[in-house]
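Data first, discussion second: the structure below is written as structure tokens.
One-based numbering, in listed order, for ligands and for the atoms of each. Just so it is clear, the values below take in all heavy atoms, side chains as well, and ignore hydrogens, waters and symmetry mates.
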Amino acid sequence: MNFIDLALQQSRIREKIEENIKKVLDHGRYIMGPEVKELEDRLAAYVGVKHAIGVASGTDALLMALMAYDVGPGDAVFTSPFTFIATAEVIQLLGATPVFVDIDPETYNIDPEKLEEAIMQIQLESELESKGIMPVDIFGQAADYDEINTLAQKYELFVLEDAAQSFGASYKDRKACSLSEIAGTSFFPAKPLGCYGDGGMIFTYNDDMLEKLLSIRVHGQGTSKYENVRIGVNGRLDTLQAAILLAKLDIFAEEVELRQQVAARYAERLEGVVKVPAVKEYNVSAWAQYCIRHPKRDEVMAELGRNGVPTAIYYPVPLHLQKAFTNLCCQTGDYPVSEEVAADIFAIPFHPYLSEADQDKICDVIRKFK
Ligand SMILES: *Cc1c(COP(=O)(O)O)cnc(C)c1O
């Protein structure tokens with residue numbers, strides 16, 4: 001049994017993938033070939049946002065968005081400590097300060113009430129200038145954007161949606177990646193929509209941001225190739241990865257449906273046995289991970305391992321306790337909900353093609369565990 005089985009998906013669309021790769025080999029436009037634009041157009045339409053910009057990874061998507069907002073030293077950006085390192089890493093990489101805000105104990109997403117407290121505290125007690133909010137749609141479920149966007153307007157902050165795990169999800173009938181002025185997603189192979197390498201996409205409604213992002217994507221290029229008007233990066237999405245994603249996109253909506261079925265079956269069998277994910281009634285999750293909680297986590301994981309079931313922990317250490325952020329002088333106890341969740345959460349195998357037999361086997365081991 002695999003934790004995520006990409007081979008089953010590939011066997012469905014192998015011919016189309018090969019055909020798309022062959023087209024790229026034939027035209028030879030490996031950098032910014034026509035497939036990149038085609039993918040941008042199709043994903044912008046899928047998400048319902050005006051502009052999509054293909055980039056080299058999810059991390060670059062977030063980094064470039066922050067660069068487009070001119071985030072730098074002296075700036076505070078509010079985010080969750082219960083996420084993948086990249087979220088807060090890019091803030092610090094630009095010399096700005098990540099200000100962590102604890103999470104909701106049910107959804108594991110940033111807690112809007114605590115967010116307002118943190119914004120007010122920075123205003124009163126800090127020299128930092130509050131610039132923006134980076135909510136994370138953790139495990140594929142969107143954060144509470146109506147609340148977050150209202151706070152952003154009140155305090156004049158930007159909102160950058162870290163949708164690396166939530167492509168395909170929706171919130172109040174709006175698609176993830178469209179829930180604030182700008183969003184970044186990832187096509188890392190294990191994400192809901194994954195390519196065969198690294199890739200990502202930025203989505204925005206804002207025409208000025210588009211202009212800046214197109215420039216940042218190629219070394220801060222101006223109107224001609226050798227005119228550079230700002231500092232940028234080499235942040236382009238490979239043509240080959242775009243070609244692969246185009247093949248995968250044909251079956252993506254169906255896969256999002258299959259993910260709902262797999263999640264529902266897990267919930268049916270595990271509810272009351274362990275703490276299963278809580279999805280708000282107005283949310284549809286993309287189910288990047290299926291994470292459950294158990295007071296004897298390490299022992300259940302070991303028992304699953306003995307039965308041939310792979311597991312993983314997202315995330316064993318909240319970011320405020322990572323060595324990389326010692327400069328922020330955080331301590332154990334600062335974000336208690338994140339710390340509690342990190343102590344007993346783990347992920348079980350999840351992908352659209354997980355068989356009912358495998359699901360039942362996994363659930364049996366967990367149900368029998370004493
Ligand atoms: C995967 C991920 C990223 C980074 O994406 P890459 O494509 O791996 O660079 C950022 N944020 C979150 C929450 C992620 O899960």
Side-chain angles (χ1 to χ4, degrees), residues 3-4 6 39 43 52-67 77-94 98 100-101 103-104 107-110 132-143 145 148 159-169 171 176-177 179-180 182-203 217 233-238 240-242 244-245 248 277 285-291 312-320 322 324-325 338 341-342 345 347 350-351:
F3 189 68
I4 293 179
L6 295 171
L39 182 73
L43 293 193
I53 303 113
V55 296
S57 69
T59 306
D60 271 0
L62 302 174
L63 175 70
M64 292 166 62
L66 292 177
M67 289 170 77
V77 180
F78 301 89
T79 193
S80 165
F82 189 70
T83 176
F84 182 59
I85 179 75
T87 312
E89 178 185 36
V90 291
I91 301 169
Q92 188 146 305
L93 185 60
L94 292 173
F100 294 121
V101 177
I103 54 172
D104 177 280
T107 63
Y108 316 136
N109 280 322
I110 197 165
I133 309 165
M134 257 174 97
V136 182
D137 302 339
I138 204 73
F139 305 144
Q141 173 170 211
Y145 286 90
I148 294 165
V159 180
L160 163 57
E161 177 186 358
D162 181 346
Q165 302 183 1
S166 61
F167 192 82
Y171 169 88
C177 297
L179 303 174
S180 63
I182 195 162
T185 196
S186 164
F187 305 131
F188 181 81
K191 308 279 171 159
L193 178 62
C195 58
Y196 289 154
D198 280 305
M201 188 87 55
I202 303 172
F203 297 88
R217 182 166 69 175
V233 293
N234 172 358
R236 296 171 297 234
L237 176 66
D238 284 352
L240 275 168
Q241 298 303 342
I244 289 158
L245 286 161
K248 290 198 178 198
S285 178
W287 298 106
Q289 306 293 349
Y290 195 90
C291 291
I313 301 179
Y314 306 103
Y315 294 90
V317 182
L319 297 189
H320 67 285
Q322 291 281 0
F325 295 112
S338 299
V341 176
I345 199 162
F350 195 97
H351 57 88

*Under 4.5 Å between any side-chain heavy atoms of D137 and Y145, yes or no?*
yes

Does ligand 1 have any N/O pairs with the protein under 3.5 Å, and how far apart?
from     : atom 1 : to   : atom 2 : distance (Å)
ligand 1 : 5 (O)  : S186 : OG     : 3.4
ligand 1 : 7 (O)  : G58  : N      : 2.8
ligand 1 : 7 (O)  : S186 : OG     : 2.6
ligand 1 : 9 (O)  : G58  : N      : 3.4
ligand 1 : 9 (O)  : T59  : N      : 2.8
ligand 1 : 9 (O)  : T59  : OG1    : 2.5
ligand 1 : 11 (N) : D162 : OD1    : 3.3
ligand 1 : 11 (N) : D162 : OD2    : 2.8
ligand 1 : 15 (O) : Q165 : NE2    : 2.8
ligand 1 : 15 (O) : K191 : NZ     : 2.7

_Which atom of L319 lies closest to which atom of F84, heavy atoms considered_ = CD1-O, 3.9 Å

*Residue pair E161 / S166, side-chain heavy-atom distance below 4.5 Å*: yes

*Would you say S80's side chain and I110's backbone share a donor-acceptor pair under 3.5 angstrom?*
no

*To the nearest 0.5 Å, how far apart are CG in L66 and CG in L62?*
7.0 Å

*Locate the shortest heavy-atom distance separating T87 from M134; write the atom from each residue and the value.*
O-CE, 3.3 Å

